[in-house]
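Start at 1 with the first residue, then count along the sequence.
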Amino acid sequence: EQGLRGITLCAGVESAQSEPQEISELIRGEEGSEVTLELRHRDETATYEVTITRSKITLEPVSYMMMPDDVLRLRIARFSRGTTDGVREALAWGEERGMTGVVLDLRNNPGGFTDEAVGVIGQFLPAGSVAYKEQVSDGSISDRTTMADDGAWLEGDLVVLINGGSASSAEIVSAALRDNGRAELLGVTTVGTGTVLSLFELSDGS
């Protein structure tokens, strides 16, 4: 509560007085404690106060909705545990409603678990398709990760949305779907961290 006075949050617009990260840090606090926000609606001068109780927020990695012309908008916010299951659920929901195409939204997706990314790729490609290749320092290809089974959505139209905030596993997914000729990419250049990171133990145990 202290320190939030003088910060006006416009509904749908970041404060002109503070950066979003600043505001977020002020709002965060111990679970169960309260914070009072001074808010102002867009195009209005009067402000009002809302007191909220802080609590842990569980963010679902997958959300979806049917758009006009029976096109499913499938949004993946991050590749956390359960993402593949969420995509399967979304595609099944869409097929029940006669979806004609899918828009896979990976904008501002920072990445996450590679196995979940492979699971998502597998929903759109047939068995045997290559998700990604691993290259060693001498330039040779050491391994190929391929799909074991046919995916759930193999024939319908697929467009992948990407932007400057799409990174890591999001780039692996978008590249795999493009390079296999399965999807068109729409957006701008991504972050450029489409890599797979693995931990390995050193001789001293670290």
ask   = Where the side chain of N109 meets the backbone of I76, is there a donor-acceptor pair that is under 3.5 Å apart?
value = yes

query = Would a 4.5 Å heavy-atom cut-off, applied to side chains only, mark V159 and L161 as touching?
reply = yes

request  = Identify the heavy atoms of I121 and A176 that sit nearest to each other, and give their distance.
outcome  = CD1-CB, 3.7 Å

inquiry  = Quick test of your reading: applying salt bridge (Lys or Arg N to Asp or Glu O under 4.0 Å), list the pairs with at least one residue in residues 116-132, sequence neighbours left out, ordered by first then second residue.
reply    = R81-E116

ask   = Ignoring hydrogens and geometry, is there a side-chain-to-backbone donor-acceptor pair from T83 to R78 under 3.5 Å?
value = yes

query = With no hydrogens and no angle check, is any side-chain donor or acceptor of N180 less than 3.5 Å from a backbone partner on V130?
reply = yes

ask   = Does some side-chain heavy atom of T84 sit less than 4.5 Å from a side-chain heavy atom of D115?
value = no

Expected output: side-chain T51 to main-chain T36 donor-acceptor under 3.5 Å = no

ask   = Taking all non-hydrogen atoms of both residues, which atom of A148 and which atom of A127 are closest, and how far apart?
value = O-CB, 3.6 Å

query = What distance do L185 atom CG and L158 atom CG have between them, rounded to the nearest 0.5 Å?
reply = 9.0 Å

key: Minimum heavy-atom distance S169-G112, with the two atoms named   = OG-O, 3.0 Å

ask   = Which distance, rounded to the nearest 0.5 Å, do you find between the CG of L125 and the CG of L154?
value = 7.5 Å

ask   = Who else is in the cluster with L202 when I, L, V, M, F, W and Y are joined by side-chain contacts under 4.5 Å?
value = F200

note = So salt bridge (Lys or Arg N to Asp or Glu O under 4.0 Å) across residues 179-188, not counting sequence neighbours, yields none

Distance-only donor-acceptor hits, side chain of residues 86-106, under 3.5 Å, sequence neighbours excluded:
residue: R88; atom: NH1; partner: D85; partner atom: OD1; Å: 2.8
residue: E89; atom: OE2; partner: Y64; partner atom: OH; Å: 2.9
residue: R97; atom: NH1; partner: W93; partner atom: O; Å: 3.0
residue: T100; atom: OG1; partner: D69; partner atom: O; Å: 2.8
residue: T100; atom: OG1; partner: D70; partner atom: O; Å: 3.3
residue: D105; atom: OD1; partner: R107; partner atom: N; Å: 3.1
residue: D105; atom: OD1; partner: R107; partner atom: NE; Å: 3.0
residue: D105; atom: OD2; partner: R73; partner atom: NH2; Å: 2.9
residue: D105; atom: OD2; partner: R107; partner atom: NE; Å: 3.4
residue: D105; atom: OD2; partner: R107; partner atom: NH2; Å: 2.8

task = For residues V160 and R178, determine if any side-chain heavy atom of one lies less than 4.5 Å from a side-chain heavy atom of the other.
result = no

inquiry  = As a quick check of understanding, evaluate side chain to side chain contact (heavy atoms under 4.5 Å, CB included) for T114 and Y132, giving each step before the final call.
reply    = CA-CA 10 Å; T114 308; Y132 65 87; 3.6 Å; yes

ask   = How far does OG of S168 sit from CZ of F79, to the nearest 0.5 angstrom?
value = 9.0 Å

task = Enter the distance from I141:CD1 to K133:NZ here, rounded to the nearest 0.5 Å.
result = 6.0 Å

task = With the side chain counted from C-beta on, respond yes when W153 and L72 share a heavy-atom pair under 4.5 Å apart, and no when they do not.
result = no

ask   = So which pairs with a foot in residues 144-160 pass salt bridge (Lys or Arg N to Asp or Glu O under 4.0 Å), sequence neighbours left out?
value = none

request  = Please name all residues satisfying side chain to side chain contact (heavy atoms under 4.5 Å, CB included) with S33, sequence neighbours left out, ordered by chain then number.
outcome  = E30, R54

query = In Å, rounded to the nearest 0.5 Å, how long is the span from OG of S142 to CD of Q135?
reply = 8.5 Å

query = What is the distance from atom CD1 of I162 to atom CG of N108, rounded to the nearest 0.5 Å?
reply = 12.0 Å

